[in-house]
Each structure stands twice: as structure tokens, then as C-alpha cells.
Amino acid sequence: MFSLKILLFLLLRHEQLSKGFPVPSESPEETNAKIAQDYLEKFYQLPRYIYKSERKKSASVIVEKLKEMQRFFGLNVTGKPNNETLEMMTKPRCGVPDSGGFMLTPGNPKWQRTNLTYRIINYTRHLLETDVERIIEQALQVWSRVSPLNFIRTSEEEADIKISFAQGDHGDNSPFDGPNGILAHAFQPGPGLGGDVHFDAEEIWTNTSENYNLFPVAAHEFGHSLGLSHSTDPGALMYPNYAFSEPSTYSLPQDDINGIQAIYGPSSNPVQPTGPTTPTACSPRLTFDAITTLRGEIFFFKDRYFWRKHPQLQRVELNFISLFWPSLPNGIQAAYEDFDKDLVFIFKGNQYWAVSGYDILQGYPKSISNYGFPCSVQAIDAAVSYRGKTYFFVNNEFWRYDDQRQSMDPGYPKSIASTFQGIESKIEAVFQQHDFFLFFSGPRYYAYDFNAHRVTGVDRSNRWLNCRSE
Ligand SMILES: *[C@@H]1O[C@H](CO)[C@@H](O)[C@H](O)[C@H]1NC(C)=O
Ligand SMILES: *[C@@H]1O[C@H](CO)[C@@H](O)[C@H](O)[C@H]1NC(C)=O
Ligand SMILES: *[C@@H]1O[C@H](CO)[C@@H](O)[C@H](O)[C@H]1NC(C)=O
Ligand SMILES: *[C@@H]1O[C@H](CO)[C@@H](O)[C@H](O)[C@H]1NC(C)=O
Ligand SMILES: *[C@@H]1O[C@H](CO)[C@@H](O)[C@H](O)[C@H]1NC(C)=O
Ligand SMILES: [Zn+2]
Ligand SMILES: [Zn+2]
């Protein structure tokens with residue numbers, strides 16, 4: 001009787017629930033396995049297994065392919081579709097496989113000429129035709145600037161690089177998948193389809209920070225048109241996943257410059273161009289531009305990037321600043337979290353921005369003179385908020401701002417060294433944790449105990465990024 005009642009109750013609940021939500025026919029494990037298998041089939045040449053007799057064999061092949069994928073993206077090589085792996089698999093990306101596949105011609109294909117023609121076959125309805133033409137030209141210049149290649153637009157039928165927007169199945173055995181997921185793909189140098197670039201017409205293509213900006217995707221695909229494959233460097237243009245970048249300030253990363261020059265030789269420009277290199281967490285010379293906590297995590301800013309450290313996770317994630325906050329500049333100089341307002345304030349030069357999670361508040365950037373700095377202060381080295389006061393470090397002095405009264409405390413600036421005993425050098429970044437100020441200067445950090453008024457520990461900065469070696 002008792003159990004029957006419960007059973008009825010459960011059935012009823014199920015009935016009620018199913019009215020509101022479609023009942024999933026699969027367990028989460030099955031869904032995850034399907035996501036992983038689908039991804040590996042598309043990008044890691046996992047064969048499609050149709051027959052039952054092949055299933056057993058497929059399990060071990062899937063594990064191997066998963067490990068290959070995890071190795072490529074620098075994840076923990078477990079062979080299991082764990083959360084970090086699934087998260088990586090759901091990011092928007094290029095449709096070209098990550099290791100030689102059916103869309104890549106074998107060998108090391110290259111164009112035998114340096115003057116190449118391109119033709120724009122059709123357009124996206126989300127941008128004006130002239131905008132698409134300008135963006136395509138800018139995306140090709142990314143490569144011509146650093147190599148001996150020239151690109152000439154043609155309206156003739158035959159062109160080396162044919163550019164089109166197509167949706168779903170479009171006749172090359174590599175159908176698009178609708179919005180998100182695969183954004184575009186391209187073919188390596190060669191006749192016919194060789195060199196051609198296809199964009200998924202079902203994406204919303206933009207010339208802003210909204211998804212998806214056409215410029216970085218086009219520049220990436222042209223890399224394939226010229227003979228480059230995917231790079232494992234997360235900062236490289238040829239990394240498979242989408243990242244927003246602005247054409248007017250874009251500088252091709254060194255990894256991609258090295259790639260294109262390995263195929264076509266140096267630029268014909270007398271001054272060889274160079275590009276940014278991706279910072280490596282475990283470099284002994286690593287320094288940070290700014291550090292802040294954000295809702296329990298720690299963000300370490302460096303150039304165009306930040307590392308994100310979650311207290312419960314081993315892995316520290318490197319991201320582009322533009323991926324989270326497309327309108328923030330690179331090279332942030334200071335940042336602090338205001339816990340009461342649940343905001344992070346970000347500083348560069350004499351401007352600052354207020355950030356709430358992924359959103360930048362309206363009306364920013366503002367001038368740092370709002371805090372009451374004299375005009376002589378044109379930039380902040382580091383900032384941290386603690387017990388209702390915000391500390392701003394500038395050269396060898398610091399200011400203290402009262403968050404309640406919204407004004408600088410009298411008697412400031414004061415000398416850093418005389419207040420924070422043991423902090424002798426210029427501060428580049430600081431954050432606060434458990435009544436400690438963690439000061440970063442060069443490749444070291446100093447743990448300053450706010451209650452004991454002294455430095456209680458010194459170590460290498462990159463310890464915070466879980467680097468143990470060296
Ligand atoms: C994986 O993610 C799910 C949902 O996001 C969460 O419930 C689960 O605890 C996570 N597992 C691990 C091992 O982090
Ligand atoms: C390539 O094009 C440039 C102009 O864009 C021209 O000056 C040069 O002569 C051309 N080279 C060849 C080999 O056709
Ligand atoms: C962006 O694209 C839109 C639509 O094509 C156009 O109206 C606008 O002028 C473009 N803006 C810039 C800065 O190119
Ligand atoms: C654009 O051209 C390509 C190649 O000819 C074709 O497959 C595609 O359907 C065209 N797209 C549109 C939106 O007409
Ligand atoms: C990698 O996975 C193993 C096995 O699941 C685990 O013990 C280890 O902590 C993980 N390492 C990292 C860095 O996540
Ligand atoms: Zn690609
Ligand atoms: Zn295609």
C-alpha cells in the first residue's frame with residue numbers, strides 16, 4: 001500500500017513535469033557520449049560505427065580519439081568525456097579537422113605563385129556588400145603583410161580563392177550545422193575547390209563584437225586556403241575555436257607568422273614583421289598586468305589574455321579578454337573587486353570600466369579623476385578593495401579611497417614601503433584573500449598579512465597558475 005502510494009505520487013509528478021518539459025529520452029551520460037562521438041567524427045576522423053559487432057572495437061577507438069583531442073587542447077588526458085572536455089566541444093569553431101583529414105590534401109600543399117586571385121561569389125544578408133568586401137580585404141592583408149603573397153580581387157569565373165556563404169548541405173560532403181557550432185571551413189591550396197572558403201550562411205555575421213564577427217573567421221579560413229593547419233597555441237589565429245578580434249588593431253600572432261613564412265618565406269617588406277606571442281603560464285619570467293578576484297575566482301591579466309583560476313579546479317584556463325568583455329582594451333593595468341556592489345573595476349591609463357559578470361556597465365569608460373586623483377596621476381599600477389577601503393598603488397606611493405564616503409581619505413598618498421613593511425619594489429598587481437594582500441612585483445609575489453602588518457611569504461608568481469617545476 002505504502003509503496004503503491006509513492007509510486008502513484010511519482011507517476012503523478014512525472015506526469016506534471018512532462019507537461020512543462022519534454023522528457024529527455026536519454027540519460028545525461030548518453031547525451032554526453034553522443035556529443036563527444038559527434039565531435040570526434042567531425043574533427044578527429046572517428047569512423048562512424050553502424051553495426052553492433054563494431055561497437056566493442058569503437059569504445060577503445062573513442063578513448064584514443066578523445067585523448068588525441070584532449071592533447072590538442074591541452075586538457076587533462078583522461079580519455080573520458082568529462083566536463084572540461086565537453087565544454088571545449090561545445091565552443092563555436094572552424095569546421096576543418098584538427099589533424100589531417102578528408103578536406104586536407106595530403107603532403108604540404110602550397111600555391112606555386114605569390115600573386116593569387118580571389119572572388120566573392122555571394123554575400124550574407126546581415127552585412128552590406130561593401131562591408132563584406134572591405135572585411136575580406138582586411139582579412140587577406142593579415143597574411144600579405146607578413147609574407148611575399150599578393151591578393152587580387154577578380155570577378156571572373158576562375159579564381160584561386162572562391163568565397164561564398166552557404167547553408168546546410170552545399171555539395172562538398174561537409175554540410176554546415178545551422179547557427180553556432182561550425183562557423184566556416186576552407187580547402188587547402190589546389191585546383192577546383194582548393195583554396196575556397198565557405199561561411200555558414202545561417203550564422204549572424206557582424207562587424208562588431210556581437211557573434212560572429214566576420215573578420216577573425218575570414219582571416220583564419222584564409223590561413224587554410226594558403227596551406228596552414230590548426231595550431232595548438234590558444235593565442236594563434238589558427239587555433240580552431242572562435243575568438244573575437246577587431247580588424248583595426250589586429251596584429252597577427254608570431255605563431256601564425258612563423259607558419260606562413262615556413263611555407264612561403266619571409267615578407268618582401270625590408271623590415272620583417274613580428275607579432276605577439278602567447279604568454280606561457282610556467283615561464284619563470286612571467287609577470288602580470290593586473291589581478292582581481294571575481295565571484296570567488298581569481299583573474300590574472302596579461303596582454304590580450306587572462307588566466308582564470310577556480311578554487312576547486314586544478315586546471316587554470318587561458319582566455320582572450322575579448323572573449324569575455326569584447327569592448328575592454330588589452331593591456332589592462334589594474335583591477336579590483338567591489339564585493340558590496342558585486343562589480344569589478346578595471347583600469348587602463350586614466351580610464352576605468354565597471355564590469356558585472358560578463359557585462360560592462362553603461363556610461364563607461366570614465367576618468368580616474370572621479371576618484372579624486374590629481375592630474376599628475378595618469379595611470380594606476382595596482383588596486384585592491386578591503387574592508388570598505390580601496391587602495392590604489394602608483395609608483396612608490398598609494399592612495400586610500402573610502403567606498404562609503406566616495407572620496408579619498410585625507411593624508412594620502414603615503415609611501416608604500418613605510419606602510420607595507422617588506423614591500424620594497426614597484427607593485428604591478430595586487431589582490432586580497434583571507435586578510436592577506438598578495439603583492440606581485442616582477443616574477444615574485446609577497447604575501448602581506450594585514451593583521452600582523454608584515455610580509456609572511458615570498459614565492460614565484462606563477463605558483464598561482466599551479467606551476468610546480470623549476
Ligand atoms: C559536471 O557538470 C555538471 C553540470 O554542469 C555538474 O552537475 C557536475 O557536478 C560536474 N561534474 C564535475 C566532476 O565537475
Ligand atoms: C604581382 O602583382 C603585383 C601588383 O599587385 C605586380 O607588381 C607584380 O608584377 C605581380 N607579379 C607577378 C609575378 O605577376
Ligand atoms: C557595420 O555594418 C553595418 C551593416 O552592414 C553598416 O551599416 C555599418 O556602417 C558598419 N560599420 C562599420 C564601422 O563598418
Ligand atoms: C552562394 O554560392 C554557393 C556556391 O555557389 C552556393 O552553394 C550557395 O547556395 C550560395 N548561397 C546563397 C545564399 O545563395
Ligand atoms: C587529471 O585526471 C586525473 C584522473 O581523473 C586526476 O586524478 C587529476 O587530478 C587530473 N589532473 C588535473 C590537472 O586536472
Ligand atoms: Zn580552421
Ligand atoms: Zn563547404
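Since this is a predicted model, take the numbers as computed values, not measurements. As the structure lists them, so they are numbered: ligands from 1, and atoms in each ligand from 1.
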Is there any protein N/O under 3.5 Å from an N/O of ligand 4, and what does the full list of such pairs look like?
residue  : atom   : partner : partner atom : Å
ligand 4 : 2 (O)  : Asn122  : ND2          : 2.3
ligand 4 : 11 (N) : Asn122  : ND2          : 2.9
ligand 4 : 11 (N) : Phe165  : O            : 2.8

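- Between Tyr250 and Gln138, the side chains place no donor N or O within less than 3.5 Å of an acceptor N or O (distance only, hydrogens not considered).
- Electrostatic pairing of Glu337 and Arg295 does not count as a salt bridge here, judged by no charged N lying under 4.0 Å from a carboxylate O.
- Inspection of the environment of the Zn ion (ligand 6) yields the following protein N, O or S atoms under 2.8 Å: Cys94 SG, His220 NE2, His224 NE2, His230 NE2.
- Note on Asp172: counted as a metal contact of the Zn ion (ligand 7), an N/O/S atom lying under 2.8 Å.
- For Tyr239 and His230, the gap between ring centers reaches or exceeds 6.0 Å.
- Remark: Gln272 CD is packed, more than 12 non-hydrogen atoms of other residues, nucleotides or ligands lying under 6.0 Å away.
- Of the N and O atoms on the side chains of Tyr44 and Asp98, at least one donor lies less than 3.5 Å from an acceptor on the other residue.
- Between ND1 of His198 and NE2 of His170, the angle at the Zn ion (ligand 7) works out to 110°, rounded to 10 degrees.
- Side-chain rings of Tyr212 and Tyr242 approach one another, their centers coming within less than 6.0 Å.
- Judged by the 6.0 Å and 45° rule, Arg93 forms a cation-pi pair with Phe43.
- Taking the six-membered ring where the residue is Trp, the centroids of Phe345 and Trp353 are separated by 6.0 Å or more.
- Annotation: Tyr305 is in aromatic contact with Phe320 [ring centroid separation under 6.0 Å].
- Ion pairing of Arg71 with Glu68 is absent here, as no side-chain N (NZ or NE/NH1/NH2) approaches a carboxylate O to less than 4.0 Å.
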